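Remember, predicted model here, so these are calculated numbers, not experimental data. Chain naming here is simple, since letters A, B, ... match the order of the sequence lines and numbering starts at 1 in each.
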There are 2 protein chains.
Amino acid sequence: MGDNPGVSEPTLDEQIAAYQREFQDLDPQVEKIVSALSRLNRRMNVAYGRQTAGLGISNAEWEVLKALVLSGAPYRMGPSDLAKRLGLTPAAMTHRIDRMVSEGLVTRERDEANRVRVIVELTAEGREKWLEAMRLASGFEEDLLQDLSSEERNALGDALTRLLRRVEHAQPDAGGRLSDLD
Amino acid sequence: MGDNPGVSEPTLDEQIAAYQREFQDLDPQVEKIVSALSRLNRRMNVAYGRQTAGLGISNAEWEVLKALVLSGAPYRMGPSDLAKRLGLTPAAMTHRIDRMVSEGLVTRERDEANRVRVIVELTAEGREKWLEAMRLASGFEEDLLQDLSSEERNALGDALTRLLRRVEHAQPDAGGRLSDLD
DNA sequence: AGGCTAAAGTTCGAAGCTAAACAGTACACG
DNA sequence: CGTGTACTGTTTAGCTTCGAACTTTAGCCT
């Protein structure tokens, strides 16, 4: 009895057809773009998750490593800045840092110049982990775009940045804590 | 003291420049696409979240409504099928359905033909909520793509579906519960 | 039939997150 | 100076999720 095809993974086109059946005022061209975007992003996150898991770090930890590396040498940030950057509450950041300190990926110390602040700093091991993850990720990304010519890549990048600009302008970040990592 | 620009929201280009500084083997064209994809997706999810919140439902609930509507009339699915569709464990599904039943969005009843199974069915109110959310979402999406010509939209949709096909082939869904909604 | 295996859904305990209350520190201003 | 105000990071309580054990039912196999 078990097999029930079509439930767990409808094709993109099937899905769009279903949407049109249920909601006529839908531009299939628009919906195709939006659905593909969403789906693509999710698959990619799964792929990243597997790669980082293979290195013994979680996706969450990888995000912290990325933020620290992107901040540039000497790879230091305060917990609140990290939290803003990752789109988390400071509370969540506290726990994440706890974990990462105990795993030797970062250190945490008080800022002697301003004793309210805490400095989270990447360790050599953390940097190494980031590098390994980065190698895997960039390989995967290169692979993903393999079918697109350089012109197509340019056009794609251009279209996406235009969409991004639009969504960023349209929404003045009312909530406060919206920006986050990629 | 407070203001610390550049920490909470680096420009896409700034970010890519930083990546290149730290990791030379990186194709900026590729990274631009990937970063824009990720960022764009996140902003869109935030926007969806606000819209559904305005309707009194959570993003999580909206996903369930979408899955049910997409399944077609009579808008019924089992909890496990829903869970697979949304990429959740059955345990999480149980609780979500509890909530939605108590809010009148769906009903839950045993399948008399096969008493192991449970049937989750959309209520009229649930369908109405879906419709309202859909109207908002499609308006937002139309707005988002406003700057792109029809040719550009076609090219974008085409490029994205090609990427999607590639990522779906490259990863044979080894984990089992990977597919989910958009 | 009688029992074995498989599957659906729920329940239980642990992990991670959020929002809100709570400290501790620095700076401004009377 | 000393007090008020703002800001940083941690703690606490509640919610959602996951992984795994458990219950109930269905179908198979001698």
Can you tell me how far C1' of dA8(C) sits from CG of Asp111(B), to the nearest Å? 11 Å

Is the shortest heavy-atom distance from the side chain of Pro10(A) to the side chain of Leu70(B) under 4.5 Å? no

Asn59(A) has an atom CG; how far is it from atom C1' of dC18(D), in whole Å? 16 Å

If you check every side-chain atom of Ser80(A), which of dG19(D), dT8(D), dA26(D) has the closest atom? dT8(D)

At what angle, to 10 degrees, do the two end axes of the helix from dA1(C)-dT30(D) to dG30(C)-dC1(D) meet, given five pairs define each axis? 10°

From the set dT18(C), dT10(D), dT25(D), return the single nucleotide nearest to any side-chain atom of Thr89(A). dT18(C)

Taken to the nearest whole Å, CZ/Arg115(B) to P/dT24(D) is 12 Å

Identify the heavy atoms of Arg162(A) and Asp147(B) that sit nearest to each other, and give their distance. NH1-O, 3.5 Å

Result for 5'-nearest mapping on DNA chain C, choosing between Ala113(A) and Met93(A), is Met93(A)

Quick one: does Gln29(B)'s side chain have a donor or acceptor within less than 3.5 Å of a partner on Ser150(A)'s backbone? yes

Please list every donor-acceptor pair under 3.5 Å in which a side-chain atom of residues 130-141 of chain B meets a protein atom from a residue at least two apart or in another chain.
unit_1	atom_1	unit_2	atom_2	d
Ser138(B)	OG	Met134(B)	O	3.2
Ser138(B)	OG	Arg135(B)	O	3.3
Glu141(B)	OE2	Tyr48(B)	OH	2.7

Residues Arg42(A), Ser38(A); criterion side chain to side chain donor-acceptor pair (under 3.5 Å); working and verdict: CA-CA 6 Å; Arg42(A) 237 177 293 230; Ser38(A) 168; 3.1 Å; yes

Whole angstrom is fine here: how far is it from CZ in Arg117(A) over to C1' in dT10(D)? 17 Å

Using atom CD1 of Ile119(A) as one end and atom P of dT8(D) as the other, report the distance to the nearest whole Å. 14 Å

The nucleotide from dT25(D), dC18(D), dT8(D) with an atom nearest the side chain of Leu88(B) is dC18(D)

Are Ile119(B) and Val101(B) joined in one hydrophobic group, where the rule is that I, L, V, M, F, W and Y side chains link up if heavy atoms are under 4.5 Å apart? no

From the options dT25(D), dT8(D), dT10(C), select the nucleotide whose nearest atom is closest to the side chain of Asn114(B). dT25(D)

Any side-chain to backbone donor/acceptor pair from Arg153(A) onto Leu148(A)? Under 3.5 Å, distance only. yes

Met77(A) has an atom CE; how far is it from atom P of dT8(D), in whole Å? 13 Å

Glu22(B) vs Arg127(A), test: salt bridge (charged side-chain N to carboxylate O under 4.0 Å, His left out). Steps then yes/no. CA-CA 10 Å; Glu22(B) 301 293 332; Arg127(A) 195 171 193 315; 2.7 Å; yes

Heavy atoms under 4.0 Å, any strand shown: does Arg110(B) hit a base, just sugar-phosphate, or nothing? nothing

Does OP1 or OP2 of dT10(C) have a side-chain N or O of Arg96(B) closer than 4.0 Å? no

May I ask you to evaluate whether Arg108(A) reaches the phosphate of dT10(D), defined as a side-chain N or O under 4.0 Å from OP1 or OP2? yes

Between Leu163(B) and Leu144(A), what is the shortest heavy-atom contact and its length? CD2-O, 3.4 Å

At a cut-off of 3.5 Å, list every protein nitrogen or oxygen paired with a nitrogen or oxygen from nucleotides 11-15 of chain C, distance to 0.1 Å.
none

